[in-house]
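Atoms within a ligand are numbered from 1 in the order they appear, just like the ligands themselves.
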Amino acid sequence: MRWMVTGAGGQLGRCLVRRLEAESRHCLAVAPAHADLDLSDRGSLCEILERERPDVVANAAAFTFVDRCETEPELAHRINAEAPGVLAEECEGRGIRLVHVSTDYVFDGRARSPYAEGDPPAPTSEYGRSKLEGERRVEAANPSALILRTSWVFGPGRNFVATIVHAAGARRASGTGEPLRVVDDQFGSPTYADDLAGWTIRLVEGEASGVYHLANRGIATWWEVAREALDRGGFSDLAIERVATSEFPRPAPRPAWSVLDCRKADEAGIRRRGWREALAAYLESDDSPLRALGEMR
Ligand SMILES: NC(=O)c1ccc[n+]([C@@H]2O[C@H](COP(=O)([O-])OP(=O)(O)OC[C@H]3O[C@@H](n4cnc5c(N)ncnc54)[C@H](OP(=O)(O)O)[C@@H]3O)[C@@H](O)[C@H]2O)c1
């Protein structure tokens, strides 16, 4: 199968590229990063599709700055809603299979049992609204597209775990014992981008279509993720204060509880490990933010 991966410089994009390059059953035709292809540029997109003629396109590109989406809603709409819709049309017209990635932020977070694929979305942020509109446009233009909703992604690039590790390193470097402060009243399922990339390839091999939820097993708060990362990273002596979301005002509201029910993926044969095991794998990998700290730990 010949693949095209968009957003190839992002967390999921990079993991998909590596896995596809390593798997003999698959071939990576082209993997444009943002600088190589602006997904909202239809002409350039069509040029690449015509030239490379992939069997599958995996769209890992998105405007993922959740707070900036509040102040730049037009940009969020263009990248997260319009561009996936155009991509879906162009893939449909050429008989190319499309995998599009979406988010737990399409839910409002008021549930207290895991969200299934059929549960009604009700996003509370511009990011969530733009991503939901993207799903709808993809479904309308390309009914056999595979739409993967995931949550709390960490991997090569910008993510919460990397931020916490860097903050811990800065505390140690400056010798301040000041505790970190992390919210402990938002619940979700952390997801390792490399695991997500592997599951994506397996679902495409199984010819899955429609919406699937995908996350590592287990439920955590951001505080628990931070604690686990710092304990594993040699910072168990560093205190982390538990704070409420209300003490940390952000431009975009976050769902308080956005655990995804992934049983549909499990039934399709996807094997998901727990988030703690996945986090350990990330921290031991070449992408680990701990590497930049060297001897400091
Ligand atoms: N990260 C999470 O916690 C999370 C949670 C749930 C769902 N998701 C979804 O999972 C998918 C992958 O997320 P990720 O964590 O891998 O995101 P990421 O690391 O932020 O990567 C997204 C990539 O898209 C690129 N991009 C932005 N605008 C673009 C445009 N106009 N044209 C082409 N590329 C563009 C970005 O490039 P620049 O950085 O150069 O702009 C970046 O390389 C996204 O659909 C996201 O919505 C993520």
Side-chain angles (χ1 to χ4, degrees), residues 4-19 30-45 48 57-69 72 74-87 98-107 109 115 121 123 125-135 138 145-163 186 188-197 199-200 211-216 220 222 225 252 254-255 258-260 262 275 278-279 282 287:
M4 169 170 162
V5 176
T6 63
Q11 299 192 89
L12 175 59
R14 286 166 70 176
C15 292
L16 272 169
V17 164
R18 283 184 206 154
R19 280 188 174 253
V30 63
H34 191 175
D36 311 312
L37 171 68
D38 180 339
L39 198 66
S40 63
D41 177 349
R42 188 174 205 144
S44 302
L45 171 68
I48 296 182
V57 172
N59 179 28
F63 186 55
T64 56
F65 295 92
V66 174
D67 289 325
R68 275 181 60 195
C69 288
E72 298 171 75
E74 298 83 10
L75 183 60
H77 185 79
R78 195 164 79 233
I79 309 308
N80 295 341
E82 284 175 14
V86 169
L87 176 64
L98 174 63
V99 186
H100 176 66
V101 184
S102 191
T103 172
D104 56 329
Y105 282 23
V106 299
F107 296 112
Y115 285 102
S125 63
E126 287 295 338
Y127 172 72
R129 280 189 282 277
S130 68
K131 294 292 291 184
L132 179 60
E133 179 63 20
E135 289 185 12
V138 166
L146 173 61
I147 296 176
L148 307 176
R149 289 195 192 123
T150 190
S151 57
W152 295 27
V153 177
F154 57 88
R158 174 178 53 85
N159 64 70
F160 171 79
V161 175
T163 302
Q186 286 172 30
S189 297
T191 304
Y192 185 20
D194 187 52
D195 286 1
L196 178 60
W199 303 329
T200 302
V211 180
Y212 281 77
H213 287 177
L214 283 173
N216 281 114
W222 291 116
V225 178
R254 267 67 175 171
S258 63
V259 178
L260 298 173
C262 301
W275 70 265
L279 178 60
Y282 169 54
D287 300 319

Contact check: [X] vs ligand 1, nitrogen or oxygen atoms, below 3.5 angstrom:
| X | result |
| --- | --- |
| His34 | yes |
| Val153 | yes |
| Val101 | yes |
| Thr103 | no |
| Gly7 | no |

Pick one of side chain, backbone, both or neither for how [X] approaches ligand 1, counting any non-hydrogen atom pair under 4.0 Å.
| X | value |
| --- | --- |
| Ala193 | neither |
| Lys131 | side chain |
| Arg78 | neither |
| Phe154 | neither |
| Ala60 | backbone |
| Thr64 | side chain |
| Leu37 | backbone |

Which atom pairs, one a donor and one an acceptor, fall under 3.5 Å between side chains of residues 75-86 and the rest of the protein, sequence neighbours left out?
from  : atom 1 : to     : atom 2 : distance (Å)
Asn80 : OD1    : Phe63  : N      : 2.8
Asn80 : ND2    : Phe63  : O      : 3.1
Asn80 : ND2    : Ser130 : OG     : 3.1

| message | With the threshold set at under 4.0 angstrom, would you say Tyr127 reaches ligand 1 through any of its heavy atoms? | response | yes
| query | Can you find a non-hydrogen atom of Arg158 under 4.0 Å from ligand 1? | reply | yes
| Is it true that Arg14 and Asp194 make a salt bridge, defined as a side-chain N closer than 4.0 Å to a carboxylate O? | no
| query | Side chain of Arg254, backbone of Ala252: donor and acceptor closer than 3.5 Å? | reply |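 Answer holds: yes.
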| Which option, Leu45, Thr150, Leu260, Leu39, owns the non-hydrogen atom nearest atom 32 (N) of ligand 1? | Leu39
